[in-house]
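Right, one structure below, let's go through it.
Values in this document were obtained by computation on a predicted structure and should not be read as measured data. All heavy atoms count here, side chains included; hydrogens, waters and symmetry mates do not. Sequence lines set the chain letters: A, B, ... in the order given, protein chains first and strands last, and positions in each chain run from 1.
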Amino acid sequence: MSLLTIKNLKARVEEKDILKGFNLTVNPGEVHAIMGPNGSGKSTLASVLAGNPNYEVTDGEVDFDGKDLLEMAPEERAREGLFLAFQYPIEIPGVSNVNFMKSAVAEVRKHRGLEPFDAKEFLAFMKEKKELVELSGSLAGRAVNEGFSGGEKKRNEIFQMAMLNPKLAILDETDSGLDIDALRIVASGVNKLRSKDNAFIIITHYQRLLDYIVPDFVHVLYNGKIVRSGTKELALELEEKGYDWIKEELAEA
Amino acid sequence: MAEENQALKEFTEKEYEYGWSIDIETDQLPKGLSEETVRAISFKKNEPEWLLEWRLKAFRYWLTLVEPEWAHVKYPKIDFQDIIYYSAPKKKVELGSLDEVDADMLETFKKLGISLEEQKRLMNVAGSNVAVDAVFDSVSVKTTFQETLRDKGIIFCSFSEAVQSHPELIKKYLGSVVPYTDNYYSALNSAVFSDGSFCFIPKGVRCPMELSTYFRINAMNTGQFERTLVVADEDSYCSYLEGCTAPQRDENQLHAAVVELVSMKGAEIKYSTVQNWYPGDKNGKGGIYNFVTKRGICAGAYSKISWTQVETGSAVTWKYPSCILKGDNSIGEFYSVAVTNNYQQADTGTKMIHLGKNTKSTIISKGISAGHSNNSYRGLVKIGKNATNARNFSQCDSLLLSSTSGAHTFPYIECGNKTAKVEHEATTSKVGEDQIFYCNQRGLDTEQAIGLIVNGYCKEVLNKLPMEFAVEAQKLLAVSLEGSVG
């Protein structure tokens with residue numbers, strides 16, 4: 001059974017239609033890359049799936065692991081195992097990463113019928129995940145994203161993902177603003193977390209990230225719809241030729 | 001957006017949890033205020049003549065005053081003849097073992113979710129390290145740990161008891177920091193105060209436990225006018241906490257306390273308040289008028305006074321815990337979180353009066369406004385002409401949780417010495433929907449998200465509270481903000 005099935009999804013923000021009939025099926029164990037020019041609707045897709053209240057869904061269905069995703073509040077989606085690595089992670093001054101994650105992990109575990117970790121278990125669990133994504137000790141102790149560099153924020157997102165162990169993770173331009181070392185660390189974190197039971201949707205502008213996280217499928221999003229799907233070769237082709245040839249082909253059709 | 005607002009609305013509409021009252025037989029004076037009332041209170045307390053005289057002077061002075069109106073708050077005129085000025089539970093005992101305490105009274109303490117720990121303390125459970133004095137309506141009903149404290153020479157008891165057992169100390173310090181002529185409410189309090197707490201730490205003694213007073217208004221139409229006096233003799237230290245709750249009633253009730261602190265050479269007093277008086281309902285009906293005068297004097301060199309307050313309750317709050325920095329090199333601190341929701345109004349802040357050389361003060365104020373509430377910071381930093389090298393740092397932050405609430409800042413600076421350095425920083429921000437969504441996306445509901453964000457915002461201040469109360473204060477913040485963003 002598929003993990004995520006999106007049918008004819010239409011969504012708008014501030015009266016402007018962005019997604020115009022989006023379809024996608026993601027199975028457990030798969031990594032899908034979604035590429036496309038600016039303004040094609042990539043980030044809107046991520047926001048709509050996570051339940052951002054600023055976006056309005058006007059049509060379509062989304063099934064997530066047998067449940068109607070669009071019916072769920074954002075926090076329920078998260079507890080059900082949907083994770084969004086934000087393009088611009090938010091700062092929460094005064095709230096330590098440790099506390100933030102402790103609350104979040106407790107909620108997710110409660111939802112899964114598990115007892116919360118006690119302090120010792122939690123710290124051990126956190127240490128393990130920190131090492132997995134090579135997050136330094138000081139970042140974990142600091143307030144959530146406060147005063148973090150762009151790269152540190154992105155690594156913190158991957159760390160949170162590791163802590164919450166989602167079924168489906170959506171990475172919204174996680175590679176933007178990363179230098180090559182940070183990119184490698186982020187990618188290696190994702191690769192370590194990949195399993196036959198979870199899936200990833202990777203939203204990116206550039207093929208570069210896909211050198212490190214090799215996708216099973218690559219989709220091109222243009223004007224609110226997927227206009228082309230393929231394997232990782234499609235990404236290389238896009239890198240070489242840009243998006244204009246797709247636009248031209250679509251104009252001719 | 002609409003959904004978000006709905007969730008926020010629900011979150012901020014949680015009800016006051018301490019709104020019960022209990023039938024305890026009380027010994028009350030009839031409503032009304034006159035010299036007779038003042039005499040009757042003094043008589044009931046079996047007070048010495050000088051104290052009655054002092055009360056009467058205060059009362060006569062009060063008659064010449066008019067109610068102040070400069071604060072940024074609005075409320076109907078108070079009818080001072082419609083208040084009961086003395087109400088005491090008819091109790092069998094003053095102190096002693098638990099069996100002697102009125103069963104209903106213990107029931108009252110049990111009902112106070114926050115005081116589970118305090119209950120233990122009230123029951124003198126071994127291992128607890130907080131001594132509690134509980135003021136119920138007008139009188140103090142139970143002070144714990146007297147013996148442990150007595151071993152150190154510390155006096156911690158109800159004010160009335162201190163009047164009897166240590167009249168010389170009361171006579172020396174009562175009104176020494178807040179004279180009855182200070183303001184309208186301090187004059188009223190001086191005339192009719194019925195009880196409160198007294199604490200004296202002798203020279204060189206570090207008080208081994210937190211001292212705590214718990215205030216509750218129970219009887220209807222009762223005003224609570226307590227008087228707290230803390231004196232720390234040379235090189236001593238104490239940490240003092242007060243907490244308070246009141247039943248839910250439709251009428252407003254008046255609370256006008258006076259707190260005086262005296263810190264001698266090298267001494268330090270840390271005074272923390274978690275104020276949770278009934279704030280009124282969500283339409284602004286009922287609630288406590290909290291008109292309080294709190295002031296401390298750093299009388300000797302190298303002395304220190306630190307005020308920490310978490311204000312979440314009361315319909316109207318009017319309160320400026322202040323420090324007079326008289327001793328050279330003395331330090332004053334004020335850390336405040338004031339939360340207003342629904343139709344609450346708070347006008348609060350501090351005064352730092354620098355008189356001595358090299359005196360230093362720090363002010364950190366965090367105002368949080370939600371619903372239709374109004375939250376004002378009002379502060380005065382005054383540098384006297386002899387206060388060479390005085391330093392002040394003030395930071396006043398406001399956080400808005402709704403577009404219908406208000407945040408205001410009224411900082412006053414008077415500088416009489418050109419070597420002084422005074423810094424003032426202020427910010428105003430709104431809880432971002434993006435912050436809430438970010439928390440939601442990690443599995444936290446909106447209520448938890450706001451709790452977390454607000455606690456993070458107040459962290460600098462909450463960190464100053466004694467450990468066992470910091471946790472309570474955090475919970476209290478979340479509860480008072482239910483339904484607050486919009």
- Going through the checks in order, is the side chain to side chain contact (heavy atoms under 4.5 Å, CB included) test met by A:Asn191 and A:Arg194? CA-CA 5 Å; A:Asn191 286 330; A:Arg194 270 174 93 160; 3.7 Å; yes

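- For the residue pair B:Glu242 and B:Thr273, a side-chain donor N or O sits within less than 3.5 Å of a side-chain acceptor on the partner.
- Interface check for chain B: of the options A:Val144, A:Val95, A:Ile92, A:Asn52, the most heavy-atom pairs under 4.5 Å are formed by A:Asn52.
- Within residues 103-129 of chain A, the residues having any heavy atom under 4.5 Å from a heavy atom of chain B are, by residue number, A:Ser103, A:Ala104, A:Glu107, A:Val108.
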Donor-acceptor pairs under 3.5 angstrom involving side-chain atoms of residues 66-74 of chain A: please list them, not counting sequence neighbours.
residue	atom	partner	partner atom	Å
A:Lys67	NZ	A:Glu80	OE1	3.3
A:Lys67	NZ	A:Glu80	OE2	2.8
A:Asp68	OD1	A:Leu70	N	3.2

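- Your options are B:Gly443, B:Gly432, B:Cys439, and the one with the most heavy-atom pairs under 4.5 Å with chain A is B:Gly443.
- Summarising the local packing, NZ of B:Lys270 is surrounded by more than 12 heavy atoms from other residues, nucleotides or ligands at distances under 6.0 Å.
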- So B:Tyr271 and B:Gln309, side-chain hydrogen bond (donor to acceptor under 3.5 Å, both in side chains) or not? Walk me through it. CA-CA 8 Å; B:Tyr271 195 101; B:Gln309 58 172 19; over 6 Å; no

- Pair B:Trp307-B:Phe334, ring pair (Phe, Tyr, Trp, His ring centres under 6.0 Å): steps then yes or no: CA-CA 5 Å; B:Trp307 297 99; B:Phe334 175 74; 8.1 Å; no

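- Using non-hydrogen atoms only and a strict 4.5 Å limit, the part of residues 150-168 of chain A facing chain B consists of A:Glu157, A:Gln160, A:Leu164.
- Defined by atom type and a distance below 3.5 Å, a donor-acceptor pair is missing between the side-chain atoms of B:Gln345 and B:Asp347.
- Contact of the A:Asn97 side chain with the A:Phe148 side chain is registered, since non-hydrogen atoms from C-beta on lie closer than 4.5 Å.
- At a 4.5 Å heavy-atom cutoff, A:Glu56 makes no contact with chain B through either its backbone or its side chain.
- Of the atoms belonging to B:Tyr457, it is backbone heavy atoms, and not side-chain ones, that fall under 4.5 Å from chain A.
- With sequence neighbours excluded, the residues that form a side-chain contact (heavy atoms from CB on, under 4.5 Å) with B:Asn374 are B:His72, B:His408.
- Side-chain contact check for A:Phe22 versus A:Leu221: some heavy-atom pair is nearer than 4.5 Å.
- Looking at B:Ile368 and B:Thr340, their side chains never come closer than 4.5 Å, going by heavy atoms from C-beta outward.
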